[in-house]
Amino acid sequence: MGSVSEKDRGSWGSKIAFIFAASGSAIGLGSIWRFPIMVGTNGGAIFVFAYILAVILIGFTVMLAELTIGRHTQKNPVGAFNSIKPHTPWKAVGYMGVATGVFILSYYSVVAGWALGYLYKTITGVFRGEVSWELSDHVFAHFAANPIEVLICLFIIIGLTTFVISKGVREGIERWSKVLMPLLFALIISLAIRALTLRGAGTGISFYLKPDFAKLNANILFFAVGQAFFSLSLGMGTMMTYGSYISKKDNLVSSAGWVCFSDSLVAFLAGIIIFPTLFATPGINPEGFKAEIGLMFQVLPLIISKIPGGYIFGVLFFMLLLVAALTSTISLLEVPTAFLVDERKWKRRKAAIFIGALSFLLGIPSALSNGGVSFLTRLGVMVKMDLIFGNIMLAVGAFFICIFLAYSWGVSNALKEIASGNKIFKVKPIWVFNIKFLAPFAVITILIFIIGIAR
Ligand code: PFF
């Protein structure tokens with residue numbers, strides 16, 4: 001295994017531990033905070049439809065590709081490309097992934113910080129009793145624009161993440177994900193049921209689930225594919241890094257399938273909570289509604305206040321949301337850290353602290369761009385960071401990962417790796433077709449189209 005000691009690198013205890021940890025990376029603010037915004041700004045149900053297609057046809061394909069490359073090489077993204085094709089420009093794709101990770105971590109941690117702030121607000125009783133849209137909207141706008149509070153929250157999130165990563169893979173990540181994910185899932189289901197039984201839930205349900213196919217366009221496809229990569233932690237080598245810790249006895253295909261399924265299920269349920277609640281609110285309807293960056297934070301207090309035992313429920317929910325966000329920030333920090341440990345022989349602790357500090361600094365403009373500092377707000381720094389790194393760079397990365405696997409390393413080598421731990425690969429012909437043609441072609445076409453529109 002690699003060039004570092006077993007202790008510095010670590011490995012998963014079992015297949016199920018891997019699935020929990022990889023789902024921990026995938027499930028997070030991407031499904032619960034970002035997905036509803038994407039649905040809300042891209043035509044509702046038609047986006048949901050495009051998203052499901054994107055996950056099945058492209059997300060799963062790239063997920064399996066990353067896990068396969070990762071397990072084969074037992075390395076971080078830069079090391080992985082380097083060990084399959086030494087002394088070629090391919091390792092640039094790895095470097096790009098490492099850099100993308102640092103940037104995503106920076107603004108993602110701002111939103112995770114909001115979740116922390118909301119936990120505090122819920123504990124101190126800000127959302128006690130009946131919560132109106134006006135109150136909820138005001139609380140969010142006020143909080144996101146408070147520079148001191150958001151920066152303190154950002155600092156705490158990055159600090160916690162750095163602490164977990166510096167302690168190593170097994171003790172750190174595994175312990176967090178195993179216990180708490182199922183509990184979060186139970187709370188999400190309860191909220192979804194409550195939302196569906198609200199008076200006036202119908203408007204939200206049809207907005208969310210009745211697609212208008214006439215609305216389909218390149219923009220929607222671009223954001224659907226980008227959201228699939230973001231939500232499944234693909235395109236920057238996270239799943240490659242996680243795959244490098246999987247045992248040769250484990251089944252990569254079913255692991256990839258489980259991670260895609262559980263992540264999408266949580267995203268789907270998040271939409272079931274948000275839209276019926278939103279459009280059951282007096283005065284708010286789909287016509288002319290524009291989803292903003294705080295959508296989840298505006299809507300959750302409304303539904304939590306309508307569930308029996310709302311106070312305890314709310315506290316527990318934001319606590320678990322925070323854990324879900326942390327298992328994702330942990331995976332974001334793991335990629336650059338594994339790179340420095342494996343390739344540059346840094347000590348794990350030093351690497352984690354260095355990257356943590358860097359992301360904190362990079363996160364400051366995003367943190368202040370939601371009302372905190374007016375010129376950063378006007379520039380829309382956080383939205384732009386998310387567009388560039390969360391959509392475009394992940395898509396570019398995923399494109400190169402497909403091309404690398406299919407045309408440089410070779411599908412037959414990948415299939416040999418997949419066969420270890422999995423004798424019957426039922427969807428093999430489909431996966432081979434997708435990785436060679438469909439996924440790279442679809443991603444590059446959409447990217448070119450979008451760049452064309454943006455100019
Ligand atoms: N997938 C995470 C989420 O949906 O919250 C975010 C993320 C983690 C994106 C790791 C990319 C990544 F490499």
Side-chain angles (χ1 to χ4, degrees), residues 20-39 51 54-55 59 62-63 65-67 70 76-77 80 93-94 96-115 157-158 161 164-165 173 176-177 181 184 188 223-244 256 259-271 296 320-339 355 359 385-398 401:
F20 267 114
S23 311
S25 163
I27 298 171
L29 298 167
S31 341
I32 304 172
W33 158 75
R34 198 177 190 269
F35 178 72
I37 298 175
M38 290 290 154
V39 175
Y51 181 70
V55 169
V62 178
M63 170 85 67
E66 284 204 26
L67 294 183
N76 68 87
V93 181
M96 197 173 77
V98 169
T100 304
V102 180
F103 282 101
I104 296 184
L105 178 62
S106 75
Y107 71 86
Y108 190 95
S109 301
V110 174
V111 184
W114 292 349
I157 295 294
I158 294 197
T161 308
V164 174
I165 282 295
I173 308 173
W176 283 92
S177 353
M181 285 294 133
L184 174 67
I188 288 179
F223 283 108
V225 171
Q227 174 64 19
F229 293 145
F230 187 93
S231 195
L232 296 170
S233 308
L234 298 173
M236 51 164 271
T238 304
M239 287 299 163
M240 233 179 252
T241 307
Y242 272 42
S244 72
V259 178
C260 289
F261 175 74
S262 56
D263 184 69
S264 307
L265 186 61
V266 170
F268 181 77
L269 289 170
M296 178 194 92
L320 294 171
L321 181 67
L322 200 61
V323 174
L326 281 171
T327 51
S328 303
T329 54
I330 286 166
S331 74
L332 283 161
L333 183 56
E334 173 64 22
V335 175
T337 304
F339 160 69
I355 303 285
S359 341
M385 290 278 280
D386 186 44
L387 175 68
I388 296 170
F389 296 102
N391 265 312
I392 297 175
M393 292 309 284
L394 292 183
V396 172
I401 289 168

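Each ligand, and each atom within it, is numbered from 1 in the order the structure gives.
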Sidechain-backbone polar pair: S264 side chain, C260 backbone, donor-acceptor under 3.5 Å: yes

T238-S233 side chain donor-acceptor pair, cut-off 3.5 Å: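 Judged by distance alone, the side chains do not pair up.
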
Y108 and F230 aromatic ring geometry - parallel, tilted or perpendicular at 30°/60° bounds: tilted

Residue pair Y51, F35: steps toward the ring-ring contact (aromatic ring centres under 6.0 Å, His included) verdict: CA-CA 9 Å; Y51 181 70; F35 178 72; 5.0 Å; yes

Which residues share a side chain to side chain contact (heavy atoms under 4.5 Å, CB included) with A80, sequence neighbours left out: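 For A80, the residues satisfying side chain to side chain contact (heavy atoms under 4.5 Å, CB included) (neighbours in sequence not counted) are I69, T73, K75, M240.
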
Closest non-hydrogen atom pair between G28 and S328, with its separation: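 G28 and S328 have their closest heavy atoms at CA-OG, 3.7 Å.
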
Per-ligand residue contacts, ligand 1, heavy-atom threshold under 4.0 Å: S25, A26, G28, L29, G30, S31, Y108, F230, S231, S233, M236, T238, S328, S331, L332

